[in-house]
Trainee: 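I'd like to ask you about the structure that follows.
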Amino acid sequence: MTLPDGATPLLLGSVAAFAAGLWLLLPSVQRAGWLERWSSRLGVALGAAALAGLALAGRRLGGLGEEAVFQIVAAVALVGGTATVVTRSPVYAAIWFALALTGVAGLLLVLGAQFLGVATIVVYAGAILVMFLFVLMLAQPTGLAPYDRVSNEPLLSAVAGGVLLALLTVSIGRLSAEPPACCQVPSRADAVAAAAAPARPADPAALDADAVARLGAELFGRHLVAVEAAGLLLLVALVGAIAVVSRGEAAESAERGAA
Amino acid sequence: MRSLLLVLVPLLPLLAGLVTVFAGRRLGPRVHLPAVVGIGAAAIAALLLLFTAGGASGTGHGTAAPVEHTVELWRWATIDGALTPADGSAPRPLSLGVTLRLDPLTATLLVVITSIGLLVAVYSIGYMHDDPDQPRFFALVSMFVFSMAMLVASSSFLLVYVFWEAVGACSYLLIGFWYRRPEAARAAKKAFLVNRVGDFGLAIAVFLLWLTYGTLDFHDTRLADGTLVPGILGAARLADPTAIVGGAIGTAICLLLLLAACGKSAQVPLHVWLPDAMEGPTPASALIHAATMVTAGVYLVTRCAPLFVAAPGALAVVALVGATTALVAGLIGTVQTDLKRVLAYSTISQLGYMFAALGTGTLGGFTAGIFHLVTHACFKALLFLGAGSVMHAMGGVIDMRRFGGLRTVMPVTAATFLVGALALAGVFPFAGFFSKDEILAALHSRGWPDAHASGHHDESPAAATPPAVRVATWDRRAAPPLIPVASGSAASHRAVAVSASGGAAADGPLDWLAGPRLYRTLFWMSLFTAGLTAFYTFRAVFMTFTGPLRLPPEAHGHGAHGHSPHGHDDHGPSHGGHGGHGATGHEPAGGHGAAASHESPPVMTRPLVILAVASALAGVVLFIGHGLARFLAATPSLAAANVAATAVPPVFHWDLAIQGTLAAAIGIALAAIGHYGRRSDGPSVERFLGPLQTLFARRFYFDEIEHAAVVRPLEWLAAVAATVDRVVIDGLVRSVAHVPVALGGVVRRFQGGVLQRYSVAGVVGVLGMLVALAWNLWL
Amino acid sequence: MLAAAFPSLIHGALVVGAVLFVLGLVGILTRRNLIVMFLSAELMLQGISVSLVAWSRYHGDFGGHALVVFVLTVAACEAAVALVFVLQAFARTGRLDSAAWQSLRDTEVPRRIDRELPATDTVAPVWPRLTPSGVEPARDDSAEPSREHV
């Protein structure tokens with residue numbers, strides 16, 4: 001399946017605008033005067049254009065209800081993510097990241113993963129992000145650190161990101177709407193169900209019903225060992241973090257004693 | 001029985017050497033036992049062999065049936081179809097057997113090697129008794145005897161080559177025995193390198209022989225399929241003189257063999273290593289560099305006698321080289337002051353004599369060469385061991401100007417040395433007289449062939465030609481039919497053609513040399529050399545043993561040790577007095593020179609006495625009835641048709657004997673005058689010789705000439721090669737090395753240690769792969 | 001014309017996931033603050049999560065959902081351990097700069113030093129300082145921090 005006419009230039013243009021805007025927005029020192037002055041505004045404009053282009057490329061004719069919600073949360077996630085990356089201040093970056101998380105959570109909800117959406121908000125925004133902020137406060141620099149005002153290879157990285165994004169979007173665009181038969185690998189539970197009940201088509205909407213309960217059944221049925229292993233991993237990470245911190249403190253106190 | 005004895009002769013010294021190598025340190029003061037026992041047993045075996053090797057004695061001179069006995073120990077290698085003959089016959093296999101042979105020549109040389117080796121080993125017990133490296137010495141002596149025995153006993157040119165190298169290696173190791181002394185190390189290196197030149201010749205000669213004859217064996221061999229391969233010196237070939245290749249190829253082979261012989265036997269111009277080889281221990285000098293190893297060249301030429309006879313030009317070169325060497329070395333010997341060097345030059349001179357005899361290319365010449373080899377081995381070993389005894393007593397001093405009158409303190413040494421000197425000088429009835437007379441007779445027979453062939457005077461070539469009259473025949477029993485060397489019936493044979501025509505019918509490139517004129521010149525040269533020999537020998541005798549007693553301070557210095565002649569076990573304390581050796585001593589072994597005013601211990605003097613008896617009697621014993629010549633004539637090489645055809649009746653030439661004796665007497669008289677004359681205090685000889693003295697003392701500038709002609713160009717060549725190597729080769733290699741360095745210089749700048757740059761590079765790389773993948777999938 | 005570019009919802013979700021992933025990637029590559037780098041890593045994980053859920057919808061099963069649960073778990077572990085290391089690094093250098101460690105560079109390559117800095121952001125923000133646990137905070141009534149931001 002190939003992309004329809006006009007879609008490829010639009011996609012690639014959006015990607016290019018995205019990369020260029022990203023480059024302009026990234027902290028840097030090596031730009032000409034006028035570019036420096038206008039870089040942030042130009043970058044925002046380019047980013048908005050890229051967003052619009054992507055939305056245009058992905059807009060479905062008709063069925064605006066779910067689609068509009070999707071586009072709004074997607075825009076929130078993308079704007080938040082972009083701001084996370086380009087903001088000078090790490091604290092602001094963390095807060096922008098929280099915004100991006102809400103957008104992602106919305107996306108997950110739209111996609112029918114209610115549990116995951118809520119878990120993302122709770123685990124990420126509630127726990128991990130707060131931990132980041134704590135660390136930021138502990139490791140507080142005086143003022144805006146110089147390394148926050150410059151970035152590493154912004155142009156090359158932006159171009160690389162653009163190329164990667166172009167590859168991904170084009171390959172996604174060539175994806176068929178329905179999975180080919182070859183790719184429908186039935187799970188063991190499905191196979192059992194298929195043996196018992198009449199064949200059920202892969203209906204995305206069917207996932208929405210009892211989604212949390214079925215996810216739970218999936219996790220604690222098919223992936224039980226993996227879940228236990230993940231729990232063990234959490235414990236190990238906890239112990240490891242404590243061990244590293246205590247050893248580091250011991251070393252520090254030893255250094256102080258020596259001094 | 002014969003085979004067992006033949007195997008035992010080399011095997012026992014080999015075992016002795018191995019035992020000494022592996023158990024030498026454990027044997028302690030009895031470290032000499034394996035060598036003495038092994039070589040002694042080998043000597044007994046060789047003597048027994050001597051009696052079994054004799055040919056049928058009744059067949060008469062010159063026509064003895066060849067006696068040959070071969071023992072193939074194992075087959076070393078066989079390569080099928082190794083050689084495709086040019087004449088289109090079937091390809092021949094290269095078959096290398098380790099085969100020992102027994103014939104009169106081998107038996108004679110085995111006796112000489114093992115008996116001299118035994119006496120030297122016994123002598124070394126005393127001479128070396130407090131050297132810390134005794135095990136090495138005795139091991140090397142044993143290995144040398146083994147190698148030399150194998151050299152003369154092996155029945156293939158390849159094995160001869162192998163053991164040719166083996167004796168060279170032993171010689172190298174023994175010259176450099178005291179390797180901590182730079183002179184010894186340098187002398188060893190020089191000997192080795194000079195011998196390389198000769199060995200090169202031997203190697204090429206072996207290749208040529210293989211290509212020419214298709215085999216390397218001396219004897220006839222039978223292949224697995226039953227075909228007979230005639231050996232180079234096998235009975236089948238020797239019976240037919242035309243089967244031996246002459247002409248250019250034959251001459252080339254013979255000249256290359258001569259080159260090899262020149263190296264090993266120290267003939268001009270490769271003789272320069274031998275005087276320097278006296279840096280080794282004196283017993284080693286006596287054994288290797290005087291009595292046995294240096295005669296390997298003589299053996300080789302004798303063994304290849306049929307080949308040489310087929311190439312008369314090469315024979316003439318042999319004679320020329322020999323006589324020249326004899327004369328030159330004798331002249332140099334007249335002005336040497338180092339006792340061992342006098343003997344070294346006399347060795348070279350006597351070897352030259354042997355080569356001159358071989359160069360006559362007659363049966364008489366070959367047997368005379370071997371005869372002289374045997375007698376020379378006796379008296380030269382005696383002289384060297386005597387010199388060692390003197391040096392032993394003098395605390396390492398060997399310069400004849402620094403001592404004198406030793407006959408009173410060392411009576412045995414003096415008496416035996418005198419016997420050796422008389423033998424060397426060729427005074428009747430000592431050994432040298434007879435062998436030298438044989439050589440002169442052989443030369444004379446080629447210079448004045450008519451006189452020997454027909455038995456009447458021929459004074460036409462030169463007015464001063466001495467009468468060559470057969471006054472008496474020592475062997476009256478056998479009056480064999482004289483083979484007419486100029487007879488027309490044999491004229492088709494090359495050998496006879498050479499003997500008869502004096503080179504007119506030559507077909508080799510150098511055959512024009514081989515004429516009576518050459519041999520006449522060589523005869524006179526040899527006669528002069530005989531007088532010269534007597535002169536320098538007795539000069540040394542007079543300077544060393546007569547006159548008032550003079551002793552060098554080193555001898556006194558060592559006298560303080562209270563040395564007991566029998567106390568050979570006290571290794572330790574006697575080493576304390578070695579301090580002055582670096583500056584003065586020739587021989588570090590002189591630490592027990594306490595016998596400054598004593599004779600050497602019996603273990604050293606007994607071999608001297610034995611050798612003196614041998615030197616005195618060997619000539620007579622071996623000459624009576626031409627015993628040795630008759631014995632040797634049964635050697636296949638010498639019984640070959642073309643060699644046997646050159647036989648002249650065994651006669652004793654009174655005129656030649658008188659001439660030789662006269663020359664010796666004049667030499668002795670001159671030496672006596674020089675020493676006892678009014679100017680005995682000064683260097684009378686030197687004054688008499690005038691500017692020639694410098695020439696002799698500088699050894700005819702051989703070293704300098706060779707340095708300029710060989711060493712210097714080689715150094716230049718080496719310098720050029722080194723420059724090419726440094727600039728071109730190394731430059732290439734370095735430029736190859738510079739490429740990665742330059743590339744690394746480029747890449748290195750990316751190695752900045754900044755992690756994020758690395759990750760950018762990684763991402764870019766992965767993207768490159770992804771793009772390539774997409775390109776493949778979509779386009 | 002354009003409708004066919006992303007014919008269904010999951011196509012849009014996949015594109016958004018891809019964009020989030022690329023944003024996180026660019027952030028990791030460019031930003032030098034260790035914390036921001038980790039935020040970017042989390043952003044990449046978010047992009048992956050969105051994509052996984054979309055693929056799950058595409059195939060009509062819960063495999064993608066289950067994987068996202070594990071992604072969350074691993075993200076939590078990673079954050080815990082990595083932040084400990086960030087703190088250790090900060091304790092050693094006093095900075096959160098990823099370019100503070102350049103010891104692995106070649107001996108002939110000079111250390112990278114930021115010579116020129118943008119003139120903007122001259123006003124240094126002041127952040128609240130947390131007192132380390134177990135230590136009584138020093139009393140400083142006179143210097144009550146007044147902040148312009150946050």
Side-chain angles (χ1 to χ4, degrees), chain A residues 4 6-7 22 26 29 56-58 60-61 74 78 81-82 84-85 90 93 97 104 107-108 111 113 116 123 128 135-140 143-144 146-152 154 157 161 164-165 168-169 172-173 177 179 187 202 204 215 218-219 223 230 233-234 237 240-241 244-245 248, chain C residues 1-8 11-16 18-20 22-23 25-27 29-33 35-36 39-40 43 46 50 53-54 57-62 65-66 68 70 72-73 76-77 79-81 83-84 88 90 96-97 114 116-118 121 124 127-130 150:
Chain A
L22 200 57
L26 277 172
V29 293
L56 203 58
R60 292 177 74 183
L61 298 177
L78 294 183
T82 311
T84 305
V85 170
F97 182 62
V104 168
L107 273 176
L108 295 179
L111 286 171
L116 291 178
V123 174
I128 299 180
V135 169
L136 275 172
M137 298 307 163
L138 275 173
Q140 180 195 354
L144 196 55
Y147 49 83
D148 279 331
R149 290 185 278 151
V150 292
S151 43
N152 177 66
S157 305
L164 180 59
L165 189 56
L168 287 172
T169 50
I172 290 166
S187 64
L215 174 62
E218 176 91 6
L219 272 180
H223 300 295
L233 179 67
L234 278 170
V244 172
V245 166
Chain C
M1 171 189 87
L2 296 173
F6 301 133
S8 73
H11 287 73
L14 284 173
V15 169
V16 172
V19 174
L20 284 174
V22 169
L23 276 172
L25 183 67
V26 172
L29 294 183
T30 55
R31 297 305 303 271
R32 284 170 55 186
N33 191 310
I35 300 287
V36 180
L39 285 176
S40 303
L43 204 57
Q46 293 306 310
V50 170
V53 171
R57 198 173 176 82
Y58 188 72
H59 289 293
D61 63 4
F62 279 94
H65 290 209
V68 171
F70 295 125
L72 280 176
T73 315
C77 296
V81 176
L83 285 175
V84 166
Q88 297 285 327
F90 179 75
L96 289 174
D97 189 0
D114 300 316
E116 199 181 343
L117 289 174
D121 291 336
W127 309 107
R129 176 183 286 275
L130 287 186
V150 181

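Letters A, B, ... mirror the listed sequences (proteins, then strands); counts begin at 1. All values below come from the heavy atoms of this structure, side chains included, with hydrogens, waters and symmetry mates left out.
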Trainee: State, to 0.1 Å, how close C/His65 and A/Leu215 come at their nearest heavy-atom pair, and which atoms those are.
Mentor: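 In this case the closest contact between C/His65 and A/Leu215 is CB-CD1, 3.3 Å.
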Trainee: Look up atom CG in A/Leu108 and atom CD in C/Gln46, then write down how far apart they are to the nearest 0.5 Å.
Mentor: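 Reported to 0.5 Å precision, the distance equals 7.5 Å.
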Trainee: Can you tell me which of C/Ala76, C/Ala18, C/Gly27, C/Cys77 forms the most heavy-atom pairs within a distance under 4.5 Å of chain A?
Mentor: C/Cys77
Trainee: Where does A/Leu165 contact chain C at under 4.5 Å (heavy atoms): side chain, backbone, both or neither?
Mentor: both
Trainee: Quick one: pull up OG1 in A/Thr84 and CG in C/Leu23 and give me the separation to the nearest 0.5 Å.
Mentor: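 Reported to 0.5 Å precision, the distance equals 8.5 Å.
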Trainee: Rounded to the nearest 0.5 Å, what's the gap from CG on C/Leu83 to CD1 on A/Ile128? Could you check?
Mentor: 9.5 Å
Trainee: Side chain from CB out, backbone as N, CA, C, O: work out which of these in A/Leu219 comes under 4.5 Å of a heavy atom of chain C, or both, or neither.
Mentor: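 Looking at A/Leu219, just its side chain touches chain C.
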Trainee: To the nearest 0.5 angstrom, please state how far the CG atom of C/Leu96 sits from the OH atom of A/Tyr147.
Mentor: 4.0 Å
Trainee: What are the two closest heavy atoms between C/Asn33 and A/Pro90, and how far apart are they?
Mentor: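 The pair with the smallest heavy-atom distance is ND2-CG, 3.5 Å.
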Trainee: C/Ala13 and A/Leu111: which non-hydrogen atoms are nearest, and at how many Å?
Mentor: CB-CD1, 3.6 Å
Trainee: For chain A, find which of C/Val16, C/Val81, C/Val50, C/Leu29 contributes the most heavy-atom pairs closer than 4.5 angstrom.
Mentor: C/Leu29
Trainee: Search all heavy atoms of C/Arg31 against all heavy atoms of A/Leu26 and return the closest pair with its distance.
Mentor: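 Minimum heavy-atom contact is CD-CD2, 4.3 Å.
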Trainee: Is there side-chain contact between A/Leu22 and C/Thr30, with heavy atoms separated by less than 4.5 Å?
Mentor: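 A side-chain contact under 4.5 Å is absent here.
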Trainee: Chain C heavy atoms under 4.5 Å from A/Leu107: which part of the residue, side chain, backbone, both or neither?
Mentor: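 Contact with chain C is through the side chain of A/Leu107 alone.
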Trainee: Name the option with the most non-hydrogen atom pairs under 4.5 Å to chain A; the candidates are C/Leu39, C/Val26, C/Val36, C/Val84.
Mentor: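 Option with the greatest count: C/Leu39.
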Trainee: First locate atom CZ of C/Arg32, then atom CG of A/Asn152, and finally report the distance between them rounded to the nearest 0.5 Å.
Mentor: 7.0 Å
Trainee: Which region of A/Leu78, side chain (C-beta onward) or backbone (N, CA, C, O), has a non-hydrogen atom less than 4.5 Å from a non-hydrogen atom of chain C, or is it both or neither?
Mentor: both
